[in-house]
Amino acid sequence: MKLCSCDTFVALPPATVDNRIIFGKNSDRPCDEVQEVVYFPAAVHDNLREHLKCTYIEIDQVPETYAVVLSRPAWLWGAEMGANEHGVCIGNEAVWGREEVCDEEALLGMDLVRLGLERADTAEKALNVIVDLLEKYGQGGNCSEGRMVFSYHNSFLIADRNEAWILETAGKYWAAEKVQEGVRNISNQLSITTKIDREHADMRNYAKQKCWWDGKKEFDFAATYSYLDTANMMISPGRYCEGYKLLNKHKGNITFETMMEILRDKPSGINMEGAFLTTASMVSILPQDSSLPCIHFFTGTPDPERSVFKPFIFVPNISQLLDTSSPTFELEDPIKKKPHFKSKPDRRHPLYQKHQQALGAVDNNEEEARQIRSRNQSGQTLSAEGQHVSTFSFNSILDQTSTISHRDHCS
């Protein structure tokens with residue numbers, strides 16, 4: 001099944017202010033899927049004979065993994081987007097093309113997001129991790145919890161304090177583009193054309209064998225491995241082109257608030273509604289000055305226009321994010337049984353439930369809804385400018401939504 005979902009953005013100086021790199025992503029998923037925000041500390045793995053269990057398959061473990069904060073569909077091991085303690089951020093997209101999608105269980109693109117974050121301290125090293133694992137284990141398997149078969153290839157936007165990389169795949173073949181300034185976005189299509197900075201060693205030969213490329217004209221990855229007319233890619237209707245326009249509209253003045261507004265944009269389709277909707281969002285501030293902390297904002301709830309972006313900073317002794325962690329079902333979880341997904345448990349975490357209650361309470365009170373949006377956006381600005389937030393500030397959000405819900409239900 002081919003569906004459109006997700007948009008990921010990056011802006012680098014001079015497109016931004018104050019020498020910051022700004023990363024953002026909307027995760028568009030099935031409307032009933034819960035996305036949790038979870039933290040995993042750095043770890044040393046002494047027994048490398050023990051394999052690491054990802055969503056479907058086991059792979060070799062590495063001696064050391066870095067601390068990560070992830071926004072992920074609550075049923076799987078990997079992540080839609082996230083960041084690590086070294087200021088590396090990754091988001092992925094579903095893409096399709098001429099190469100057939102593999103339905104056999106392998107690494108999901110979302111597994112590769114988490115593995116890149118856990119194993120790399122720069123954006124380019126994360127790219128290396130992902131392509132090495134792609135070569136060794138492949139990508140494939142159902143990316144949806146349920147009977148709907150939703151499989152795809154993946155593209156990735158990987159950023160750190162200094163640069164960004166676009167990595168796009170077709171099966172085991174891939175191309176990568178380095179981004180050192182300006183703006184770039186990815187959506188549900190291949191977008192790397194003739195500017196290829198790194199590539200799979202056999203990518204061009206494979207394309208010639210399949211008669212997708214004659215070996216004579218300039219090699220265009222997106223045109224070769226998909227059915228896109230790349231000459232018209234930047235003027236064609238669709239979220240990729242609309243996202244590019246929004247980035248360029250603010251070029252030179254992009255801040256984290258700008259990125260949040262782009263993610264909230266509904267006319268462009270970037271803030272998606274319907275059977276597939278924006279189930280979670282993320283924005284990160286990556287200062288090029290290493291003495292300043294990176295700040296990562298997550299919603300943990302659907303629709304960024306009606307959600308609060310909550311800040312997270314890596315500091316010592318971070319406690320678990322209980323308010324955004326979904327219930328665990330251990331061996332009874334349907335993902336751990338075969339065949340998978342014969343049942344679908346309630347995975348709503350406390351914040352998700354409070355968010356639903358608050359939305360229900362304000363849906364019939366437009367003035368209350370306006371005031372909440374105003375308070376949410378003011379709070380985001382203060383927390384980012386103050387740069388004193390130590391961990392995910394969910395308790396105040398939960399208190400706020402509880403108060404709103406209680407007051408409106410009692411009135």
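If you read the sequence from its start, that first residue is 1, and numbering goes on from there.
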Next item on the list: Could you check whether the rings of Y206 and W212 sit parallel, tilted or perpendicular, using 30° and 60° as the cut-offs?
Entry: perpendicular
Checklist line | Neighbour count above 12 (heavy atom, 6.0 Å) for E58 CD | finding: yes
Notebook entry, point to check: Rounded to the nearest 0.5 Å, how far apart are CE of M259 and OG1 of T16?
Noted result: 9.5 Å
Note to self: Measuring from atom CD1 of I158 to atom CD of E163, what distance do you get when rounded to the nearest 0.5 angstrom?
What the structure shows: 10.5 Å
Check: Would you say K266 and E273 make side-chain contact, with heavy atoms under 4.5 Å?
Finding: yes
Item checked: Note, F9 side chain near I270 side chain (heavy atom, < 4.5 Å) -> yes
Margin query: Once rounded to the nearest 0.5 Å, what's the spacing between atom CZ of R239 and atom CG of L246?
Written below: 12.5 Å
Check: Going by heavy atoms in the side chains, are M282 and F23 under 4.5 Å from each other?
Finding: yes
Next item on the list: To the nearest 0.5 angstrom, please state how far the CG atom of N271 sits from the OG atom of S307.
Entry: 9.0 Å
Next item on the list: Specify the closest pair of heavy atoms between S191 and N185, including all atoms of both residues, with the distance to one decimal.
Entry: OG-O, 4.4 Å
Next item on the list: Could you label the plane-to-plane angle of the H296 and F312 rings as parallel, tilted or perpendicular, counting under 30° as parallel and over 60° as perpendicular?
Entry: tilted
Margin query: Set out, in order, the CA-CA distance, both residues' side-chain angles and the distance that settles side chain to side chain donor-acceptor pair (under 3.5 Å) for H200 and E135, then state yes or no.
Written below: CA-CA 9 Å; H200 186 283; E135 180 74 24; 3.0 Å; yes
Next item on the list: Carefully, step by step, assess V179 and I166 under the rule side chain to side chain contact (heavy atoms under 4.5 Å, CB included).
Entry: CA-CA 8 Å; V179 184; I166 308 299; 4.1 Å; yes
Check: Could E199 and R204 be called an ion pair, given the rule that one side-chain N must be under 4.0 Å from one carboxylate O?
Finding: yes
Next item on the list: Using modelled atom types only, decide if a donor and an acceptor are shared between the side chain of K195 and the backbone of K178 within a distance under 3.5 Å.
Entry: yes
Check: According to the interplanar angle, ranging from 0 to 90°, do the rings of Y225 and Y173 count as parallel (below 30°), tilted (30 to 60°) or perpendicular (above 60°)?
Finding: tilted
Next item on the list: For the pair E93 and T8, evaluate side chain to side chain donor-acceptor pair (under 3.5 Å) and give the outcome as yes or no after the intermediate values.
Entry: CA-CA 8 Å; E93 307 287 327; T8 310; 2.4 Å; yes
Next item on the list: First locate atom NE2 of H86, then atom CZ of R161, and finally report the distance between them rounded to the nearest 0.5 Å.
Entry: 11.0 Å
Check: Under 3.5 Å, is there a donor-acceptor pair between the side chain of E33 and the main chain of P73?
Finding: no
Checklist line | Candidates Q139, E99, H153 - the one meeting side chain to side chain donor-acceptor pair (under 3.5 Å) with T169 | finding: Q139
Next item on the list: Apply the side chain to side chain contact (heavy atoms under 4.5 Å, CB included) test between E242 and each candidate in S187, P267, S268; give the one that qualifies.
Entry: S268
Notebook entry, point to check: Does a sphere of radius 6.0 Å around NZ in K249 hold more than 12 heavy atoms from other residues, nucleotides or ligands, not counting ones at 6.0 Å or beyond?
Noted result: no
Notebook entry, point to check: Any donor-acceptor pair under 3.5 Å linking the side chain of N188 with the backbone of V95?
Noted result: no
Item checked: Side chains of S27 and S281 in contact at under 4.5 Å (non-hydrogen atoms) -> no
Next item on the list: Hey, could you give me the CD1/OG1 distance between I285 and T255, rounded to the nearest 0.5 Å?
Entry: 8.0 Å
Item checked: Non-hydrogen side-chain atoms of Y56 and D111 separated by less than 4.5 Å -> no
Margin query: Donor-acceptor pair, distance only, cut-off 3.5 Å: does the side chain of T279 make one with the backbone of P302?
Written below: no
Item checked: Side-chain heavy-atom pair P345, P334 within 4.5 angstrom cut-off -> yes
Item checked: Heavy atoms of other groups near E181 CD, more than 12 under 6.0 Å -> no
Item checked: Under 3.5 Å: donor-acceptor pair, side chain of D18, backbone of R20 -> no
Next item on the list: Among Q35, E36, E145, find the residue that satisfies the side chain to side chain donor-acceptor pair (under 3.5 Å) test when tested with R347.
Entry: E145
Check: Parallel, tilted or perpendicular: which describes the rings of Y39 and F314, with under 30° parallel and over 60° perpendicular?
Finding: tilted
Next item on the list: Check step by step if salt bridge (charged side-chain N to carboxylate O under 4.0 Å, His left out) holds for D121 and K125.
Entry: CA-CA 7 Å; D121 59 2; K125 287 180 182 177; 3.1 Å; yes
Note to self: So P30 and F276, do their side chains get closer than 4.5 Å, heavy atoms only?
What the structure shows: yes
Note to self: Main chain of V34, side chain of W75: is a donor-acceptor contact present, judged purely on distance under 3.5 Å?
What the structure shows: no
Notebook entry, point to check: So do the side chains of C6 and K25 get within less than 4.5 Å of each other, counting heavy atoms only?
Noted result: yes
Check: Can we say K216 and D214 salt-bridge, meaning some charged N sits less than 4.0 Å from an Asp/Glu carboxylate O?
Finding: no
